[in-house]
Amino acid sequence: MAPRSKKWLIRSGIIVAILFAAFGIGLIYLSRHFEPYIREQAIQYLKERFDSEVELTGLHVSVPGGAAFHLATKGKIALAQLEGEGLVMRHKGRTDIPPMFRLQHFSATVDLQTLFTAAKVVPLVKLDGMEINIPPKDERPEMDSKNDGDSAVRIDNVEIRNAKLAILPRDRSRVPLNFELHEVNLSSVGSEGAMRYDAYLSNPKPKGEIHSTGTFGPWSAGEPSDTSLSGNYLFENADLGVFKGIAGILHSTGQFEGELGNINAKGEATIPDFRLKMSGNPVPLTATFEVGVDGTNGNTTLRPVHAKLGSTNLTTSGTVIKHDGDTHRAIELDALIPAGNLTDVLRLAMKGDPFMQGIVKLTTKIVIPPLDGKVKEKLELDGKFEVTGGKFLRSMIQDKIDGLSRRGQGKPKNQEIDEVVSQMAGDFRLDDQVIMFKMLAFAVAGAAVNLDGSYDLGADNLDFHGALSLDAKVSQTQSGWKRWVLKPIDPFFAKNGAGTFLKIKVVGSSKSPQFGLDR
């Protein structure tokens, strides 16, 4: 090679090396400015998106080897790693309530090629120790809906660990409703802003574990209740004992879809040991349901629920609603038992063993008022019932019924009249554990009883008054010489179409009722 050519090559190599060195120094300088630029972009995005004052303790950006070269040469992949801590967001700078968001630690990967473009891409965000505080409905932020689905930042995947969601009460002295979000994974499903989620969380009341998968979004900031969602859930080991009046462990599975303001859900629920605390007798309860839920306030409409209590089928429909000014929800349901097992109903409703069996038809309205802890919570019932083929399971009571039937038929000594079945019907109202009966009609062969009165479930106290009508005359209810002695007075008791008509009372307890004339 000629000396001149050799010198030219050396000079060219030196120039190229100087250019590459200068280019590398420029890239290094540029990479060092990623951190303040990304910090500025992140804070600006959060401020505008949530209309909040943003505090950020620390943000660190690391650019992997070769990323700057890929960026400069328009390579396909150029990712930076972000690590941050101490993120606090206060809506409109408010300090009188907990911050809307508080985050202990977060990390993210950022596509460097999009940093200087209109649409910035964040492939992955990891959040740890996140707290979300939602103010009462009338104090929640009103965000600009024109930015919905048109954000300058697209986040492809989000991993959330050890998060807490608190719904703040209007009364600051009350305890917030807290949800523990153990693990939530979100992934983008398209350019519309919807996210696919897989979440594990603890329900606060009743306490239980929930696993749910589905899709959520896009978020409607202008009207959050319009935000779409759908999915499946598994709710396990929910202890109903936190509620006054009932107890048992709930398991439920189901599906849901709609918007936050109108969620349609359907599924199945089982409570193997369902019971009323006032009685304490467990009866297995299963249900299939379809409900409408307002996710912004928790109001629920049942339409309807088909349940099975023991071996008894029943249907309920109604609402669970919190009215303005109430601190608890009011429950108003309509229940129907077309042909149920009376033993199941009595086992649930009263202490001890049921005293009667038979087929029951029941229609009732169920009301649980929105009472707080200062007032004893009550179950209110108002309805009608009819019992056919009834038989008392306690021999003392059944013996009295058998004797009543014998006398009513004018055969007081006929022991073949035994194990008599009864018919019963009436209107009832339960309030403060006392059942008031109106037009309570009870009938066996040869006799009919019509009563008004009450039964105190807590004290097991009977107090009924009414009339007894027998087919037989007074004298025919007796035997031997008494029958002949009483014949002259038969006309005095034969009235209202009955052979014998008497004013009676039933007092005492369900274990030992006392029947007698009511003077």
Side-chain angles (χ1 to χ4, degrees), residues 206 240 243-248 250 252 254 265-293 299-322 328-351 354 356-371 377-390 424-441 454-455 457:
L240 301 180
F243 299 116
K244 296 179 181 179
I246 63 173
L250 168 70
S252 180
K266 58 182 179 180
E268 300 178 352
T270 60
I271 310 173
D273 56 345
F274 180 71
R275 57 195 183 276
L276 301 180
K277 290 181 179 178
M278 67 181 183
S279 62
N281 295 323
V283 182
L285 176 63
T286 61
T288 59
F289 58 85
E290 183 171 351
V291 301
V293 182
N299 289 342
T300 302
T301 302
L302 311 180
R303 46 183 188 213
V305 174
H306 299 283
K308 192 171 186 178
L309 179 69
S311 59
T312 297
N313 293 311
L314 64 125
T315 302
T316 61
S317 59
T319 58
V320 182
I321 294 177
K322 184 164 70 172
H328 288 70
R329 300 187 189 281
I331 300 175
E332 297 184 5
L333 305 175
D334 292 311
L336 169 64
I337 299 177
N341 186 334
L342 179 60
T343 304
D344 291 332
V345 178
L346 293 177
R347 181 177 290 113
L348 181 68
M350 61 181 294
K351 295 179 180 179
M356 192 175 183
Q357 68 181 25
I359 304 300
V360 61
K361 179 180 179 180
L362 174 71
T363 59
T364 184
K365 180 176 286 294
I366 303 172
V367 176
I368 301 178
L371 303 178
E377 188 161 350
K378 299 178 294 183
L379 170 66
E380 299 178 7
L381 303 177
D382 190 356
K384 301 176 181 291
F385 78 98
E386 178 182 338
V387 176
T388 57
M424 189 181 298
D427 299 344
F428 65 92
R429 179 175 177 80
L430 171 65
D431 191 0
D432 200 15
Q433 299 191 55
V434 176
I435 304 180
M436 302 294 296
F437 288 94
K438 185 178 181 181
M439 297 185 294
L440 176 61
S454 64
Y455 174 46
L457 293 170

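The shortest non-hydrogen separation linking Thr315 to Pro304 is CG2-CB, 4.0 Å. In this structure, Leu285 and Ala307 approach most closely via the heavy-atom pair CD1-CB, 4.1 Å. A pairwise comparison of heavy atoms in Pro338 and Asn313 identifies CD-O, 3.6 Å as the closest pair. Between Asp273 and Arg275, the shortest heavy-atom contact is O-NH1, 2.9 Å. Scanning both residues, Ser454 and Met436, for their nearest heavy atoms gives CB-SD, 3.4 Å. Closest heavy-atom contact between Ala287 and Val305: CB-CG1, 3.9 Å.
In this structure, CZ in Arg429 is found 5.0 Å from CG in Asp382, a value given to the nearest 0.5 Å. Residue Asn341 holds its CG atom at 9.5 Å from CG of Leu309, rounded to the nearest 0.5 Å. Note: Ile435 CD1 to Leu381 CG = 7.5 Å, rounded to the nearest 0.5 Å. A distance of 9.5 Å separates CG in Leu346 from CG in Leu348, rounded to the nearest 0.5 Å. In this structure, Phe428 CZ and Lys384 NZ are separated by 10.0 Å, a value rounded to the nearest 0.5 Å. Atom CG of Leu342 and atom NZ of Lys361 lie 15.5 Å apart (nearest 0.5 Å).
Side-chain contact annotation: Ser311 with Asp344, donor-acceptor N/O pair under 3.5 Å present.
Looking only at distances, no side-chain donor or acceptor of Arg303 sits under 3.5 Å from a matching main-chain atom of Thr301. Between the side chain of Ser252 and the main chain of Glu268, a donor-acceptor pair closer than 3.5 Å is present. The main-chain N or O of Arg347 is found under 3.5 Å from a side-chain atom of Asn281 such that the two form a donor-acceptor pair.
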| request: Test Thr316 against Phe289 for side-chain contact (heavy atoms from CB on, under 4.5 Å), laying out the working first. | output: CA-CA 9 Å; Thr316 61; Phe289 58 85; over 6 Å; no
| said: I'd like to know whether Leu314 forms a side-chain contact (heavy atoms from CB on, under 4.5 Å) with Lys308, so could you lay out the CA-CA distance, the side-chain angles of the two residues, the decisive distance to 0.1 Å, and finally the verdict. | reply: CA-CA 6 Å; Leu314 64 125; Lys308 192 171 186 178; over 6 Å; no
| Candidate pair Met356 and Met424, rule side-chain contact (heavy atoms from CB on, under 4.5 Å), full reasoning | CA-CA 11 Å; Met356 192 175 183; Met424 189 181 298; 3.9 Å; yes
| Chi angles and distances behind the side-chain contact (heavy atoms from CB on, under 4.5 Å) call for Leu302, Glu290 | CA-CA 6 Å; Leu302 311 180; Glu290 183 171 351; over 6 Å; no
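For the pair Leu440 and Phe385, the minimum side-chain heavy-atom distance is below 4.5 Å. The shortest distance between side-chain heavy atoms of Leu362 and Leu336 does not fall below 4.5 Å.
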